[in-house]
Amino acid sequence: MRPDDDRGEPELPPGPSAAKRALRAAMPWLAVLGLFVLWEVAVRAFRIPDYLLPAPLEIWSQTYALKAMVGMHTLATLETILYGFVMAAAISLPLAVLVTASPAIASAVYPLLVIVHSIPKVALAPVLVVALGANELPRIAITFLVCFFPLVISIAAGLLAVPAEYIEMCRACRASRLRELWRVRLPYAVPFIFSGLKVAITLAVVGAVVGEFVASEKGLGYLIQSSTAFFKTPLAFGAIVILAIIGIALFQAVVAIERAFFPWAVSDDRFRE
Amino acid sequence: MRPDDDRGEPELPPGPSAAKRALRAAMPWLAVLGLFVLWEVAVRAFRIPDYLLPAPLEIWSQTYALKAMVGMHTLATLETILYGFVMAAAISLPLAVLVTASPAIASAVYPLLVIVHSIPKVALAPVLVVALGANELPRIAITFLVCFFPLVISIAAGLLAVPAEYIEMCRACRASRLRELWRVRLPYAVPFIFSGLKVAITLAVVGAVVGEFVASEKGLGYLIQSSTAFFKTPLAFGAIVILAIIGIALFQAVVAIERAFFPWAVSDDRFRE
Amino acid sequence: QDRVTLQLDWIPTGEYAIYYNAIDNGFFREQRLEVTINRGQGSGDTIRRVAAGTAEFGVADIATVMTARQRSNDSRVKAVMPVYTKPPHSLFVMKGSGITNFKGLEGKRVGTTPGNSHQIYLPLLAAANNFDPNKINWVTTDPGAMGAMLINGQLDAAPFFQTHQYFQNKQAQRFNREIEAIPYANFGLDAYASTIIASDTMIERNPDLIKRFLAALQKSFVWARDNQQAAAVIHNKHHPQIDVDDALGSLRTGLTFVFNDVTTRDRLGQFSAERLRLTYDLVARTQQLDLNIDPGSFVVTNLASGS
Amino acid sequence: MIQIDRVDQVFRARDGAGVVALRDVSLRVEANSFVCVVGPSGCGKSTLLRLIAGLIPCTRGSISVSGQRVDGPREEVGFVFQKPTLLPWASVLDNVLMPLKLMGRPTEGPRGRAMELLAMAGLAGFEQKLPGELSGGMQQRVAICRALIHDPPILLMDEPFGALDALTREEMSLELLRIWTERRKTIVFVTHSISEAVLLADQVVVMSARPGRIDRVIDVKVPRPRNFDQQGDPEFQRVSHTVRELIYANRKAAADAP
Amino acid sequence: MIQIDRVDQVFRARDGAGVVALRDVSLRVEANSFVCVVGPSGCGKSTLLRLIAGLIPCTRGSISVSGQRVDGPREEVGFVFQKPTLLPWASVLDNVLMPLKLMGRPTEGPRGRAMELLAMAGLAGFEQKLPGELSGGMQQRVAICRALIHDPPILLMDEPFGALDALTREEMSLELLRIWTERRKTIVFVTHSISEAVLLADQVVVMSARPGRIDRVIDVKVPRPRNFDQQGDPEFQRVSHTVRELIYANRKAAADAP
Ligand SMILES: Nc1ncnc2c1ncn2[C@@H]1O[C@H](COP(=O)(O)OP(=O)(O)OP(=O)(O)O)[C@@H](O)[C@H]1O
Ligand SMILES: Nc1ncnc2c1ncn2[C@@H]1O[C@H](COP(=O)(O)OP(=O)(O)OP(=O)(O)O)[C@@H](O)[C@H]1O
Ligand SMILES: [Mg+2]
Ligand SMILES: [Mg+2]
C-alpha cells in the first residue's frame, strides 16, 4: 500500500549523548564553582569582615602562598580518612551480619554500638591516645569510630529487607547462611550499602578532622585549629575548603563505583527524565 | 479408619511468649548493664588511672551527688537534641525529594550537602555564633547540620529503590508526582528512612554535645567541658554515660516506632529464629 | 642520648618560640637529649599524658596541677620549674570603649568558655579593685568566635592571654579599630601560671634527666629573650602558618611573663614558697580545695638551677 | 477507538545492543470492541499493551486513542499487569482503591463498589488482608478489581486469568463479559488460552515471534451473549482451529528457518 | 516416596487470627510417580508444596520424604515457585546456576547443562540477559531450568507453565515427560489445566477449598509414553470428565452452603 513498506531496520533509540554525560560529570563541580562565586559576591556586597568569613579569592591567595605546607597537611588528612574508612568498611560488614543473625543479638549489640557512636569522640581522645600511643593510630581510630555506625545500620537494614521469596528460594536450595549472605542478601542490599557508604565517607572526613583536633601535629584539622588560634581566618577557611573538596571527591568516587560496578542498583536513570 | 477421625479445630501456632517479649525489651539494658560490670572489673583489675577512665561506681557516686545540676544539664541537652532532630527530619524529606527529582538536580545539590556535612561543625561555630547570636540557636543549628545528611541520603536511596513495576502502576494511573511519592515511594522507602533515622538520632546526640562544646552555658556538653577543665573526670564521665543512655533510649524509641507503625517494614521476625 | 617528648599546653603561638629554639640551637643536644615537641589540648590533657607516661615533660598551668593532684589519686605529676611567673590572663576591650579597668565591666557583656580560668579568677580581684562581679554579664561562646564578636561589638570584652593581643590587634587595625588589654597581673593577680611538669615516677627515678632538660630550657629562654627576632624566625620555620612578625609580637609579650620582677627576685627557674602560697590560696578558693595543704607538695624545687 | 500505526519497538539491552520487540505493527481496535491477543511467549504482547497505555513511547510509528495521539498514560485506561504488582503494605481493599487515590479522587463513595468487585472475584472477607497473605490466584484477582475500580472505558488486560483454575477462570470470563456488555468498554485482552480468546473476543489478533509482528486478525462471528456451551458451535470450532493452525504454523516456520 | 500424614496448616494472619489453609490432608506419592494437583484458587496447593519442601513446618501432622521426617529443606528437592523469583541482578545463566552456587557445588561443569536446559526452554541466546529484560513467560521458563539444574530426584512444581502460551506449554510438557522418563523422578505438579494434569499424571489429586482438603485422588491409566494425540482416548476423556465434575460439584456445594 505504501511505498516505503519495506522500511529499514528500526534504529535503537539514542542513549544520552556524550555532551550530556560530560555535563553531568562536571555538574557537581559547576555547583561548587557557583557556590564560590555567590560567596565572593556576598562577602563583597555585605562587607562581611574577613576574620569572620573571608572571601574565596583571599582564601585562595593566602592558602596558595603556603602550598607546600598545606599540601603536606592535606596528604596527612587523606591518609587518616582512607585508613579510617577502610577499617570501618571492613569491620561494619561482619558487625552487620552479626546484628542480623538474630533479634536477640541485635537487641544486645545495637545499644553498645549506639554508645560508641553517640558519645563525643573528643571525650574519648585521652583514653585512645594513652591506649594507642601518641601516633597516627588514635586519629585513625577516631575516624573509624565516627563513621562505622551508619554503615552497620544501613547494611543491616539492607540484609533484612530482602523479600521473603528470595530467602525461601535460598532455603529451598539448602544454602548455608554464608552463601545466602553472599549470593542473595548482600547483592540485594547494595542500594542500602551504598547509601551507608556515602554517609560514611563524608563522616570519615569529619572524623579525621576531629581526630586531628585532639591528637595530631599535622593534617587539615590541626591546620584549622592552629590557624584559628593565630587568627589566620583565611588560612583556616582554606583548610576547610580543601576538606569540603576532599569530601565531594570521595563522595563522587563512591557514586562512580556504584555506577560502574552495580549498575542494576542505580535506579536513577531508569525512572527519571 | 482411625478413632480420632474428627479431631478438633487445628490450633494457631503460638506467638512469641510474654516472657520472651519482655526479655527482648529488656535486652538492650541488660547489655548496657553487662558493659558496666565489665568496665568496673577492668578498671580494678588493670588499675586504669582514674583521670583516664574512672570506675562506674565512682562515676555514679560523684554524679548522683550533684543530681539536681546534672538533671538540669540533661534536660537542656535533650531539648537541643530534639529540636535539632525534628528540624533535620522536617528538612531532609523535601531535600531528598528534590534530590531525587532528576539526576541533574542530584548532581548539583549533593555536593553542596556534602560540603555542609563534611566540614567540621566546630569550624563553623564562630560563623554561626556571630550570625545567630550567643543563644540556643547555634547549638540547635549545629545539631541539625550534624544529623540531616544521613537522612537525606537514606530517604533519597529509598525513593529511588522503588521497583519499576510499582512506578509503572502509578504512571498508568496518571498519579501526580506528589501522590506517587506519598502513596508508593515513601511507604516503600520506610526501611531506608528508618535506617536513616536511626543514624540521625544518634548523630543528633553527638551534634548537641558539639554544639554545647562551642556555644552554651548549660547542657551535658558544657558539663563535660567544664568538669574536664577542673579535673572532675568522674563527673565528666557521668555526663558521657548520661549521653550514651540518652542515645540508646532515643534509638530504641525509633526502633519501637518502626515496629509499632510500620510492622510490614520490620522484617526481623519473619525470617529469623 | 635520651629521647623525650615535651607536651605543650596549647597550640604553639609565637610565645612558644622559647621552646622551639632549643632544638635548632642544639641546646637539647648539648644535654644529650633528643626532644620532640607536641602541641597540646589544654593543661588537663597535658597532665593526663605526662601522668600516663605518653610524654616525659609537659607545659601546664600550675593551677591545674594543683587541682588535678587533689581531685585524682592517679594524676601524680609535679611542677618542676616555673615558666610564667606572672599570669598572662587579660581581658581584651576595644580602644575607645571607655573600659580601662574591671570596674568598667559592670553591666557589660564579657565572653567566656566552659571552665574558663579568666571567669573564675575575676571575682577574686573584686575586693581589691572595688567592683561587683555579679554585675558582669557573662556570655558563653565559642573561643574561635570570641575575637570576631569583640571586633563586631557583640561582646564588650573577651578573655584572652595577653600574648594574643599583637596579632588580634593587627586584624582590628584593618578595620580602624584597636584592641587594648586589661592584664590581670596589673590588677593584683599574683600567681604562677605555666610550669614545666614531670611525673612523680620520673622525678624519683631519673632526676638527672630532668635536670638536663631544665638546663637546656633555661638556656633557650634566655637565648630567646636576647635574640627575639631570630627566635621568631625559628618558630616560623616550625610553624609556617605564623608570620615572623606575628611570632615576634607574641614572643615579646610572652617574655614579660618569663622575665619580670618576680623572676629577677627569685631567679629564673625557681619557685618561691611565698608566691606558691599565694597561688595555692587563689586556686584553692576558686576550686574549693583544702586550704591547709602545703603548696610545696605540688612542686619540686631542686631540679632547676637558679640563674 | 485505538489506532496503532506501523509501530516498531526496540529495547536497549544491558550490553547496549538493540532488541526488536515489535516490528511494523498496525492494528485498529474499534470502540467498544473486545480484542484478544494471542501469540507465543516473548512475542511482544505485553510490550504492545504498554505502548497503547502510553507507558513507553514507541521507537517508530504512532498510536492514537480516541483520535488523540498517545504520548503518556491516560485516565480512561485501566491496566491489568501481567504480575499483580500489589503494594505489599496496603490492605486488599486499599490496593483496589489505589488508582482512585493515585488520581486524587475521593475513595469513600467507591468503597462499596470495591467491596462489590471483590465479592464478584470471590474475595469477600479478604478486604483487610495484606497481599502477602493471599495465594497467587487471589492476588491476580485483586489486580483485576483494581483495574476496574474507576470504571475506565478502555481496559488493557495482560493475561489477567493466567493464575486461575479452570472454574474460576470461566466465572471471571463471564463476569468480564457482563461488565463489558453493561458498560460498553473497549478491551484489549492478552491470553494464552485459545478457547478463552474465542469465547471473549470480537477479533482475535494472532502474533508471531521475533521480531513480534501481527500475523493475522480473525473476526469471531459467534453470536453474543456468549457462554461456555457455545464451545461446540461450528463457528467457535472453526475460529479456534484457525488460530491454533496459525500458531503452530508460525512455530514450524520459525523452527524451519536457518 | 512422599508420605503426608493428617496435616493441618494454620497461618497467623496480621490481626492475629488463624487462617486454616489445609485441613487433615493425607497423601502418598509413590517414588518415581508423577502426581498433579488441581483445585480452586486459594485452596492450599502452594502451601502443600511448601510443606513437602520443608519450607514451613506443619501445624499438625507429619510429612516424610524417602522415609525421613521432613523438618527442613532437602537438597534432593527441586522447587519451581509460583512466581519466578529470579535474582534481578544475575544473568539468566547465573540464575539457572544459582542452586548449585547456593549449595556450594562447582558450576563450571554444569554450565553446559544449563545452556542445554535453556535451549530446551527456547531461551538459547538469552543466557546473558537480565531477568528484567525478559517477558513474563520467559522468566517462568528460566525458573523451570533453575529447578532442573541439579537434577533433583524430587521435583515440586507450582504452576510452572502458567504464563506460557498453548504451544510452548505443550512443548514444555513433553520435555518434562521426557526428562521424567529418562531420569526417573518423583514429581508433584500443580496446574490449573485439567487436560495438562491428565496428560502428565499417574494420579490427579483434586482439592477443595476453604479449608483446603483433598477431595479425591484419581488414577490415570492412559498408557505411556503419552502425547497430545491421546487427548481423544476414552480413558483420557473419562478422567478429564471426572476431574471436571469434581471441581464443578465442589464449587456448587460451596455455593449452596449457607
Ligand atoms: N526492558 C526490556 N529490555 C530489553 N528487552 C525487553 C524489555 N522488555 C521486553 N523485552 C524483550 O521484548 C520481547 C517482548 O517482550 P514482551 O514482554 O512484550 O513479551 P510477551 O509477548 O508479553 O511474552 P509473555 O507471553 O512471555 O509475557 C522479549 O523478547 C523481551 O526479551
Ligand atoms: N503467609 C500467609 N499468611 C496468611 N494466610 C496465608 C499465607 N499464605 C497463604 N495463606 C492463605 O492460605 C490459603 C492457601 O494459599 P495457597 O497459596 O496455598 O493457595 P493456592 O492453592 O496455591 O492458590 P492459587 O492457585 O491461587 O495459587 C489462602 O486462603 C491464603 O489466603
Ligand atoms: Mg507478557
Ligand atoms: Mg498457589
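Quantities reported herein were computed from a predicted structural model and do not represent experimental measurements. Residue numbering restarts at 1 for every chain, and letters A, B, ... go by the order of the sequence lines.
- The shortest side-chain heavy-atom distance between B:Y188 and D:W89 falls under the 4.5 Å cut-off.
- For residues 169-176 of chain B, the interface with chain D (any heavy-atom pair closer than 4.5 Å) comprises B:M169, B:C170, B:R171, B:A172, B:C173, B:R174, B:A175, B:S176, sorted by residue number.
- Taking a 6.0 Å sphere around CZ of D:R105, one finds it holds more than 12 heavy atoms contributed by other residues, nucleotides or ligands.
- Summarising the geometry, atom OH belonging to B:Y166 is positioned 7.5 Å from atom CG belonging to D:L86; distances are rounded to the nearest 0.5 Å.
- Inter-residue side-chain proximity for B:R179 and D:K101 is flagged as unmet; no heavy-atom pair is nearer than 4.5 Å.
- In D:R74, the CZ atom is crowded: over 12 heavy atoms of neighbouring residues, nucleotides or ligands sit closer than 6.0 Å.
- Screening residues 78-89 of chain B for side-chain hydrogen bond (donor to acceptor under 3.5 Å, both in side chains) gives no qualifying pairs among residues at least two apart or on separate chains.
- With contacts defined as side-chain heavy-atom distances shorter than 4.5 Å, the pair D:F81/B:E168 qualifies.
- The environment of CE in D:M115 is sparse: at most 12 heavy-atom neighbours from other residues, nucleotides or ligands sit within 6.0 Å.
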